[in-house]
Amino acid sequence: MNEKIESRKPPVATTGIIGWLRINLFFNWTNSLITIFVIYCLYQFVPWILDWTLFSADFKYNYLGQQITNQEMCSRNLDPENGGACWAVIYVRFYQFIYGFYPREEVWRVNISYVMLAIALLPLLITKLPYRKIFLNFTYIFPIIAYFLLNGGFGLPDISTNKWGGLLVTLVLGCTGIALAFPIGVLLALGRRSKLPVISMMCVLFIEFIRGVPLITLLFFGMVMLPLFLPEGIDMDGLVRVLVAVTLFQSAYMAEVIRGGLQAIPTGQYEAARSLGMSYWRMNFQIILPQAIRISIPPIVNTSIGLFKDTTLVIIVGLLDLLGIGRGTLADTNWLGLSYEIYFFVSLVFFIFTFGMSRYSLYLEKKLKTGINMGAD
Amino acid sequence: MSEESIISLKNVNKWFGDFHVLQDVNLEVKKKERIVVCGPSGSGKSTMIRCINRLEEHQEGSIVVDGIELTGNLKNIDNVRKEVGMVFQQFNLFPHLSVKENITLAPIWVKKMPKAEAEDLAMRQLEIVKIPEQANKYPGQLSGGQQQRVAIARSLAMNPNIMLFDEPTSALDPEMIKEVLDVMVDLANGGMTMIVVTHEMGFAKTVADRMVFMDEGKIVEEANPDKFFNNPESDRTKLFLSQILHQ
C-alpha cells in the first residue's frame, strides 16, 4: 500500500520551437536523416549562391573600381578565381530590357502606362480599397487609354510596335491575352454546353482545333495567314497579329477550365434559378458562373501563368520580348558569355510576376470561401 | 376544363428514354386547393409536378397553368414560372449569396424591383418563415430546416399563385421537419394553391383538400383525406398506406 510511486518523466514537449522541431523535423530516424541531408545541401548551396549573386558580384564597377562597359571588364573575367556575377550587363542594358527600342524622348508614355497598370490592378487586389467602384471603372477603360498612350494618337506621335520590346511586350501580350481570353473562354464554355447543336458544335470545333495545335503554329498562322483573311489594303500590325493568335490559344484553354467548373455545379442550381423565372443569361451570370469560376480559380491561374511564360515564344516570329532582348544582348560581342547573369535576371522577372499571380489566386480562394459551404447541398 | 381550374393536366405522357414515367395523367387543381401527392419512389410524382413548371418537358397531352398552355413557347414558360413557385428536396439555395441576396435576386432581376423595395420584401418573407435574424448569413451557415425555410421565402418573394413542393422535408433531420411543416401549414391557411409531394401523412391529414396516389406513372386513386386514409379503394393504395403508416 505504501509503495513508492516512481516519479515519471515529463511528457515530451509538443509546443514551442523545440516541440515544433521534434514533430516536423526529427519525428523518427528517417525523418531526422532527411533533415540532416537537406541542411547539408542548403549549407553547401546557400552561401555559394549568395556570394555569387551579391557579395562577390559586380553591379556597376568591377573590383578595380572601373565602370564596366563590356564583358572583359567583369571581375569574373579579370580574376576567374574570385569574381561573382557581373550584373553590369543588366545595368547597361536595363533600358532595353524594360522598354525595348522605344524612343527615349517618348519613354514617359510607357512609364505612365506601367503606373496606370499598377493602379488598374489595385481594386482587383484590395477589396476594401476606398472608392473601389471608381478604380474599377478605371480598370475597364485602362486598356483603351494604354493603347493610345503606347501606340500614339490624340497628338502623340505614333510609335510603331516593332520598336516595342522587353518587359513592355511581355506585359502587353500577357495582360491582353489573359484579359481578353477570359470572357471569350466563358462564352465558349457556355456555348459548348449549349443545347443548340449548331452553337455547341461550333464551340467544340474551335476549342478542339486550337487545343490540338501548338502555340508556335498559331503564332506563324497569325503572322503569315491572318493577313490573307483581311480585305486588301488593310495592314495588320505584327504585334496585333500575335495578340490575336495568343488570345485564341488562351481562350480555348480557358474555356475548358471553366467548363470543368460548370460541370461541378449541381443541376439543382439550374432548376432553382429556372423555377424563379430567370432567363438563360441571367441564370448563368448571377448563379452558375460565379460559382463555377470560384471552383476554377486554381486552374484559371495555372493556365494564365502558363500563357505568361509562353509569351516568350513570340521570339520566333521576330518580336523581342524580355527573353528576346536577353538573347539579343548575349549575341552582342561586348557581352558575350554572360548567359548566367542574363538568364538569371530574366527568370527572376518572370518569377516575380508568376509568383505574384499564384499568391493572388491563393488570396482569392481564401477570400471567396469564407462562410460559404460549396458542398453539394 | 372547369372554370375554376388553375392547373389542368390532360392525358399527359412522358418517357425517359424507353421508360414510360407518366402514363395518361389527368389532374385538375382548383384555385386555393391543397393537393398532396404520394406514392412509392419512382412512381412519377416528382416528374409530374416538375412538368407543371416545365423543369421537365412532357411529350404528349396538354398542361395548362392559369390559362397558359405549356408548349415550346419560351415566353409562355417564363410566364408560367412567374406564377409558380417551387421548393426542392435539396433546398437548392445559392451558396455564394447571403440569405437576403438569395431572396432579392429574382425580384430584382426578373421583376425589375428597386433594390430597397426588394430588401423590404425579403425581410417580410423572412418574418413569415420566422428567421429574420438569419438575413445576412450564408446558406452554408444554416441548419437544414432553416435553409428550407429560406427556400420557401425565396419562392414566396416572387408572389406566386401556386406553390409546388417536391418532398420538402425528405432531406431534413427529424427534429427539423416540424419547423418546415409549420410554415407550410401557415401558407395553406393563407389560401395558397399548393401541390405537395410528401410522405408526411400527418401534414396531409391536416392540410390536404385532396389526396393523389400515384404508382408506376399513373394516378391510381384520388380522394379526400378522410376517405383516402380510412377507406381506400385500390389494393395498391392499401398496401402503400399500410407500409408507410407502420414505419
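Here is the naming used below: chain letters follow the sequence lines, and residue numbers restart at 1 for every chain.
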Do other residues, nucleotides or ligands put more than 12 heavy atoms under 6.0 Å from B:K32 NZ? no
Residue selection (most heavy-atom pairs with chain A, distance under 4.5 Å) from B:M86, B:R154, B:K82: B:R154
Nearest heavy atoms of A:G277 and B:R81, plus distance in Å: CA-CB, 4.0 Å
Is it true that, when you exclude B:K112 itself, more than 12 heavy atoms of the residues, nucleotides or ligands shown sit nearer than 6.0 Å to its NZ? yes
By a 4.5 Å heavy-atom criterion (distance strictly below it), what part of B:F88 contacts chain A: side chain, backbone, both, or neither? side chain
Heavy-atom side-chain proximity of A:Q269 to B:P95 below 4.5 angstrom: yes
Proximity breakdown for B:R54 and chain A, heavy-atom pairs closer than 4.5 Å: neither
I need the B:I52 CD1 to A:S275 OG distance, nearest 0.5 Å. 13.5 Å
Under 4.5 Å from a heavy atom of chain A, the part of B:V110 involved: side chain
Candidate pair B:I77 and A:R274, rule side-chain contact (heavy atoms from CB on, under 4.5 Å), full reasoning: CA-CA 10 Å; B:I77 296 173; A:R274 280 269 155 82; over 6 Å; no
Nearest-0.5 Å distance that lies between atom CZ in B:F94 and atom CD1 in A:I288: 7.5 Å
Residues, nucleotides or ligands: over 12 heavy atoms within 6.0 Å of B:K178 NZ: no
Tightest non-hydrogen contact, residues B:M158 and A:L276, listed as CE-O, 3.5 Å
Are there more than 12 heavy atoms of other residues, nucleotides or ligands under 6.0 Å from atom OH of A:Y363? yes
Go through the atoms of A:R282 and report whether side chain, backbone, both or neither lie under 4.5 Å from a heavy atom of chain B. side chain
Just wondering, more than 12 heavy atoms not from B:F16 lying within 6.0 Å of its CZ? yes
Atom group of B:L93 that falls short of 4.5 Å from chain A, counting heavy atoms: backbone
Take atom CG of A:L205 as the centre, draw a 6.0 Å sphere, and report whether it contains more than 12 heavy atoms from other residues, nucleotides or ligands. yes
Answer yes or no: is there a donor N or O on one side and an acceptor on the other, between the side chain of B:N92 and the main chain of A:G268, under 3.5 Å? yes
Donor-acceptor contact present, side-chain B:H96 to main-chain A:R294, <3.5 Å: no
Rounded distance (nearest 0.5 Å) linking atom CD of A:Q291 with atom CG of B:L97: 7.5 Å
